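For the numbers below, each heavy atom of this structure counts, side chains included, while hydrogens, waters and symmetry mates do not. Numbers restart at 1 for each chain; the letters A, B, ... are given by sequence-line order, proteins then strands. Model, not experiment: these values are computed from the prediction.
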2 protein chains.
Amino acid sequence: MKYHKIPDETIRRMPLYVRALALLEQEGQETISSRQLAERLRLNPPQIRKDLSYFGAFGTRGIGYPVISTARRIRAILRLDVPQKAVLVGAGRLGTAIAVYPGFSVFGLEIAAIIDNNPTKIGSRVGRLEIEHIAAAATLKARGIRLGLLAVPAEAAQGCADVLVQAGVKGLLNLAPCCLDVPKQVKVVSIDMAMALGVLPYYV
Amino acid sequence: MKYHKIPDETIRRMPLYVRALALLEQEGQETISSRQLAERLRLNPPQIRKDLSYFGAFGTRGIGYPVISTARRIRAILRLDVPQKAVLVGAGRLGTAIAVYPGFSVFGLEIAAIIDNNPTKIGSRVGRLEIEHIAAAATLKARGIRLGLLAVPAEAAQGCADVLVQAGVKGLLNLAPCCLDVPKQVKVVSIDMAMALGVLPYYV
DNA sequence: GTGGCTTTGTGAATGTGAGCACAAGCACAA
DNA sequence: TTGTGCTTGTGCTCACATTCACAAAGCCAC
């Protein structure tokens with residue numbers, strides 16, 4: 001399949017495959033067919049095959065996909081083969097929950113700094129990280145931090161985003177219930193928990 | 001526009017409109033045009049008009065949409081006009097962060113119970129709620145709780161989901177990084193923070 | 001080898017959503 | 001009452017995403 005633009009939806013699913021393959025590797029399974037993988041992830045086999053084929057041939061016909069090397073290739077595609085560092089802004093309850101969340105490491109993602117604007121919190125520790133003042137944003141680029149997570153109230157989110165963008169952050173995960181204005185070369189992904197919960201009553 | 005199935009994506013955006021309109025009401029604005037609303041939400045005006053028109057005519061040509069009554073009508077469509085109660089499973093860091101999160105109330109959503117399986121936590125308070133044992137799930141239906149949030153480790157999520165479904169919960173917001181098997185009349189929405197962060201390096 | 005079984009890779013078809021352009025409609029002023 | 005300006009509501013078109021169906025390709029047993 002050549003000269004094909006890769007759908008955003010495909011990219012969105014790739015981390016799913018990475019995590020599933022990492023689990024399979026742990027279980028000692030060497031290969032997996034699109035059917036088995038689809039069963040685990042509640043997807044359709046052709047979708048998985050198509051997704052993977054966008055990046056070239058991964059599998060062996062009659063056998064399936066090699067667990068280890070496929071995981072490695074997807075990680076490389078997503079740039080997750082090198083450790084990616086992120087800064088967390090907001091050391092409130094949600095922020096500290098995220099700071100100690102162990103689920104980022106499968107993807108080679110690491111919360112490498114925590115920033116808050118509350119002077120009483122500066123210097124105290126969350127896990128093995130020390131909470132820093134917002135002025136420390138200036139040092140982010142030098143520390144190789146290019147991703148940011150916003151766990152602040154909606155009113156503060158835009159201001160924090162501006163600071164991070166200024167500091168060279170290229171990707172933002174926004175957990176505040178608001179829109180962000182950023183230069184178009186900065187990618188923003190938003191998670192809005194209340195909105196996600198808010199659609200449920202419609203369906204039930 | 002008659003005999004039209006309402007797109008899921010439209011439903012997904014509805015809470016966005018509810019929140020924006022609630023804010024406008026607070027600001028004292030009486031009507032808003034699709035253009036103004038689109039500017040706030042970073043959407044296209046025709047998309048907003050189309051979304052709203054799926055449910056009938058809301059606006060006045062030449063003027064725009066009446067803030068208060070439009071908000072009320074959308075709430076009714078989403079069944080957010082009656083208070084909706086939810087049970088939170090998992091009183092860890094993420095769980096307690098969610099428990100005290102004030103952002104649910106715009107939608108008439110309320111965390112009405114917290115459940116954990118850790119005996120040392122039972123009885124202690126988070127906000128004004130007391131942490132209950134998982135056995136208390138049996139009382140959820142009687143208390144009018146039909147929604148559930150899962151803030152537990154991935155290994156525990158399916159078990160908790162089973163318990164909630166058994167207890168009559170009809171909608172689930174899953175925050176654990178895994179798939180859930182539920183009867184098809186139960187709606188599941190999943191939020192996977194690590195996955196959301198994991199796609200960023202690809203784009204930057 | 002060769003035949004049979006399994007599974008991939010992919011063009012084509014189908015389904016779903018977004019964006020545009022414009023007619024229809026309302027308010028307000030003259 | 002009529003004209004002007006603005007905004008909604010919506011059919012149509014295009015783009016994107018999912019699913020299907022099947023040929024191509026590898027493995028294994030004999």
Visitor: Please give, in whole Å, the distance from dT19(D) P to Leu43(A) CG?
Guide: 9 Å
Visitor: Got Lys85(A) and Leu109(A) here, is their nearest side-chain heavy-atom distance under 4.5 Å?
Guide: no
Visitor: For the pair made of NE2 in His4(A) and P in dA17(D), what is the distance, rounded to whole Å?
Guide: 13 Å
Visitor: Throw together a table of side-chain donor-acceptor distances under 3.5 angstrom for residues 176-184 of chain A, partners on residues two or more places apart or in other chains.
Guide:
residue: Asp181(A); atom: OD1; partner: Arg42(B); partner atom: NE; Å: 3.1
residue: Asp181(A); atom: OD1; partner: Arg42(B); partner atom: NH2; Å: 3.4
residue: Asp181(A); atom: OD2; partner: Arg42(B); partner atom: NH2; Å: 2.8

Visitor: For residues 194-204 of chain A, which residues have at least one heavy atom under 4.0 Å from DNA chain C?
Guide: none
Visitor: Just so I know, are the side chains of Leu150(A) and Leu173(A) near enough to count as touching, which here means a heavy-atom distance under 4.5 Å?
Guide: no
Visitor: Between atom CD in Glu30(B) and atom P in dA27(C), what is the gap in whole Å?
Guide: 15 Å
Visitor: Using whole Å, what does the distance between atom C1' of nucleotide dT6(C) and atom CD1 of Ile32(A) come to?
Guide: 15 Å
Visitor: Taking the six-membered ring for Trp, are the ring centroids of Phe104(B) and Tyr101(B) within less than 6.0 Å of each other?
Guide: yes
Visitor: Taking atom types as modelled and ignoring hydrogens, do the side chains of Asp51(A) and Gln47(A) form a donor-acceptor contact shorter than 3.5 angstrom?
Guide: no
Visitor: Whole-Å distance between dC26(C) P and Tyr65(B) OH?
Guide: 14 Å
Visitor: Rounding to a whole Å, what distance do you find between Leu37(A):CG and dG9(C):P?
Guide: 13 Å
Visitor: Can you pull out every salt bridge (Lys or Arg N to Asp or Glu O under 4.0 Å) where at least one residue sits in residues 22-39 of chain B? Sequence neighbours excluded, please.
Guide: Glu27(B)-Arg40(B)
Visitor: Using whole Å, report how far CZ of Phe58(B) lies from P of dG9(D).
Guide: 9 Å
Visitor: Measure from CD1 on Ile48(A) to P on dT18(D) and round the result to the nearest Å.
Guide: 12 Å
Visitor: Taking NZ, NE, NH1 and NH2 as the nitrogens, is one of them in Arg128(A) or Glu110(A) under 4.0 Å from a carboxylate oxygen of the other?
Guide: yes
Visitor: Please report, to 0.1 Å, the donor-acceptor pairs under 3.5 Å made by any side chain of residues 63-77 of chain A, with sequence neighbours excluded.
Guide:
residue: Thr70(A); atom: OG1; partner: Pro66(A); partner atom: O; Å: 2.6
residue: Arg73(A); atom: NH1; partner: Ala57(A); partner atom: O; Å: 3.1
residue: Arg75(A); atom: NH1; partner: Val106(A); partner atom: O; Å: 2.6

Visitor: Using a cut-off of strictly less than 4.0 Å, decide whether Ser34(A) has a side-chain nitrogen or oxygen near OP1 or OP2 of dT8(C).
Guide: yes
Visitor: Do Glu132(B) and Arg143(B) meet the salt-bridge criterion of a basic N to acidic O distance under 4.0 Å?
Guide: yes
Visitor: Using atom names, set out every protein N or O paired with an N or O of nucleotides 17-19 of chain C below 3.5 Å, distance rounded to 0.1 Å.
Guide:
residue: dG17(C); atom: OP1; partner: Asp8(B); partner atom: N; Å: 3.3
residue: dA18(C); atom: OP1; partner: Arg13(B); partner atom: NH1; Å: 2.9
residue: dA18(C); atom: OP2; partner: Arg13(B); partner atom: NH2; Å: 3.0
residue: dA18(C); atom: OP2; partner: Gln47(B); partner atom: NE2; Å: 3.3
residue: dA18(C); atom: O5'; partner: Gln47(B); partner atom: NE2; Å: 3.2
residue: dG19(C); atom: OP1; partner: Asn44(B); partner atom: ND2; Å: 3.1
residue: dG19(C); atom: OP2; partner: Asn44(B); partner atom: ND2; Å: 3.0
residue: dG19(C); atom: O5'; partner: Asn44(B); partner atom: ND2; Å: 3.3
residue: dG19(C); atom: O6; partner: Lys50(B); partner atom: NZ; Å: 2.8

Visitor: How long is the straight-line distance from CG of Leu147(A) back to CG of Leu88(A), given to the nearest 0.5 Å?
Guide: 12.0 Å
Visitor: Partner of dT10(C) by Watson-Crick or G-U wobble geometry, both contacts under 3.5 Å, or none?
Guide: dA21(D)
Visitor: Just by protein heavy atoms under 4.0 Å, how would nucleotides 22-30 of chain D read 5' to 3' in B, S and -?
Guide: --BBBS---
Visitor: Ignoring hydrogens and angles, state whether a donor on the side chain of Gln158(B) or Asp162(B) is under 3.5 Å from an acceptor on the partner side chain.
Guide: yes
